[in-house]
Amino acid sequence: MSLPEPLRRRLGSFSRTVFTDSHRTGPQYPGDRADNEILSSLPLQMSLYFNVYYFPFWWLSTVVMLHLKYLALSDYFKFILVTAMIITSLVEVIRLYLGYVGNLQEKVPELAGFWLLTLLLQLPIILFLLFNGGLENQPLERAVHTIFALFLTLQVIAAFVTLKRMANKLATHFHLEEHPDFHSLGKEERAVSMAGRAPS
């Protein structure tokens with residue numbers, strides 16, 4: 001299962017705009033870096049792995065606490081909590097899938113979708129659940145929301161760094177394919193500079 005093509009193109013365009021280093025015109029020495037360099041992030045993958053196992057515990061704890069305090073909440077907060085739980089549950093499944101696919105298969109659009117869902121949906125919802133005083137949070141809720149917020153913060157940072165590296169590599173590949181003489185020119189310049197430094 002992959003993303004629809006229009007969404008994939010837009011996320012790819014967004015990633016190139018946000019994560020590509022615009023000050024760089026190309027690699028300093030294009031032949032120095034291996035073509036098969038692995039760009040996936042181990043910290044991101046570890047965080048995703050533990051998040052997959054933590055999310056059911058978080059969900060169960062939150063549902064149990066919601067059930068226990070449901071009658072004490074106002075109608076306004078009842079609606080907000082139920083809606084937040086539904087949105088968080090649906091988005092989390094999609095988010096984790098996109099994170100796994102984007103990181104392990106080094107797909108920029110999927111990883112960008114993961115990053116956006118984390119930054120724009122999950123993190124604000126969890127921070128709202130953690131810090132809103134009207135929700136009458138219990139100690140268990142504070143603990144599970146804090147751990148979840150730490151996971152999300154780590155994933156936002158790790159995904160940003162990984163996306164930046166992936167987008168720069170894709171931009172470099174694009175420039176090298178657009179200008180194949182650039183690659184050979186870099187080798188000639190290095191050969192000349194090395195010859196100049198050779199002892200006589």
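On a predicted model such as this, the values are computed, not experimentally measured, just so you know. For this chain, numbers begin at 1 and follow the sequence in order.
The side-chain heavy atoms of Leu140 and Val64, taken from C-beta on, include no pair separated by under 4.5 Å. Using a 4.5 Å heavy-atom cutoff, the side chains of Leu117 and Gln122 are not in contact. Side-chain contact between Val82 and Tyr70 is present, with heavy atoms from C-beta onward closer than 4.5 Å. For the pair Leu96 and Asn51, the minimum side-chain heavy-atom distance is below 4.5 Å. Side-chain contact between Thr62 and His145 is present, with heavy atoms from C-beta onward closer than 4.5 Å. Side-chain contact check for Leu98 versus Leu111: every heavy-atom pair is 4.5 Å or farther apart. Side-chain contact check for Gln105 versus Tyr100: every heavy-atom pair is 4.5 Å or farther apart. Residues Leu44 and Phe114 meet the side-chain proximity criterion, which asks for heavy atoms closer than 4.5 Å.
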Self-check item: Pair Ser47-Gln155, side-chain hydrogen bond (donor to acceptor under 3.5 Å, both in side chains): steps then yes or no
Solution: CA-CA 7 Å; Ser47 175; Gln155 290 167 4; 2.9 Å; yes
Exercise. Show your reasoning for whether side chain to side chain contact (heavy atoms under 4.5 Å, CB included) applies to Asn132 and Phe77.
Key: CA-CA 10 Å; Asn132 192 315; Phe77 283 114; 3.8 Å; yes
Exercise. Take Ile147 and Arg142 through the test side chain to side chain contact (heavy atoms under 4.5 Å, CB included) and record every step on the way to the result.
Key: CA-CA 9 Å; Ile147 293 170; Arg142 280 192 216 104; over 6 Å; no
Quiz item: For Leu39 and Thr162, what are the C-alpha separation, side-chain angles and deciding distance, and is it a side chain to side chain contact (heavy atoms under 4.5 Å, CB included)?
Solution: CA-CA 7 Å; Leu39 298 175; Thr162 305; 5.6 Å; no
Exercise. Give the intermediate values and the outcome of side-chain hydrogen bond (donor to acceptor under 3.5 Å, both in side chains) for residues Glu110 and Asn103.
Key: CA-CA 8 Å; Glu110 281 82 352; Asn103 189 41; over 6 Å; no
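There is a path of hydrophobic side-chain contacts, each under 4.5 Å, that joins Ile80 to Ile87. Put simply, Phe128 and Phe79 are part of two different groups of oily side chains (I, L, V, M, F, W, Y) that touch within less than 4.5 Å, one to the next. Phe55 and Phe57 fall within the same hydrophobic cluster, where Ile, Leu, Val, Met, Phe, Trp and Tyr residues are linked whenever their side-chain heavy atoms come under 4.5 Å apart, directly or through other members. Hydrophobic clustering keeps Met166 apart from Val161 (ILVMFWY residues linked when any side-chain heavy atoms are closer than 4.5 Å, directly or through intermediates). In terms of hydrophobic clustering, with Ile, Leu, Val, Met, Phe, Trp and Tyr side chains grouped at heavy-atom distances under 4.5 Å, Val93 and Leu90 are assigned to different clusters.
Here CG of Asn137 is found 7.5 Å from CG of Leu129. Values are rounded to the nearest 0.5 Å. Rounding to the nearest 0.5 Å gives a distance of 7.0 Å between OG1 of Thr88 and CE of Met85. Summarising the geometry, atom OG1 belonging to Thr118 is positioned 12.0 Å from atom CD1 belonging to Ile157; distances are rounded to the nearest 0.5 Å. Interatomic distance, OG1 of Thr153 versus CG of Leu123, reported as 5.0 Å (0.5 Å rounding). Between Ser41 atom OG and Met46 atom CE the span is 10.0 Å, to the nearest 0.5 Å. Note: Met65 CE to Glu141 CD = 5.0 Å, rounded to the nearest 0.5 Å.
Between Phe151 and Tyr54, the ring center distance clears the sub-6.0 Å criterion.
The neighbour count for Tyr49 OH, taken as heavy atoms of other residues, nucleotides or ligands under 6.0 Å away, does not exceed 12.
In this structure, Lys69 contributes its side chain and Leu135 its backbone to a donor-acceptor pair below 3.5 Å. A donor-acceptor contact shorter than 3.5 Å links the side chain of Trp115 to the backbone of Val156.
Heavy-atom minimum distance, Val108 versus Leu163: O-CD2, 3.7 Å. Residues Pro56 and Val52 approach most closely at CD-O, 3.1 Å, considering heavy atoms.
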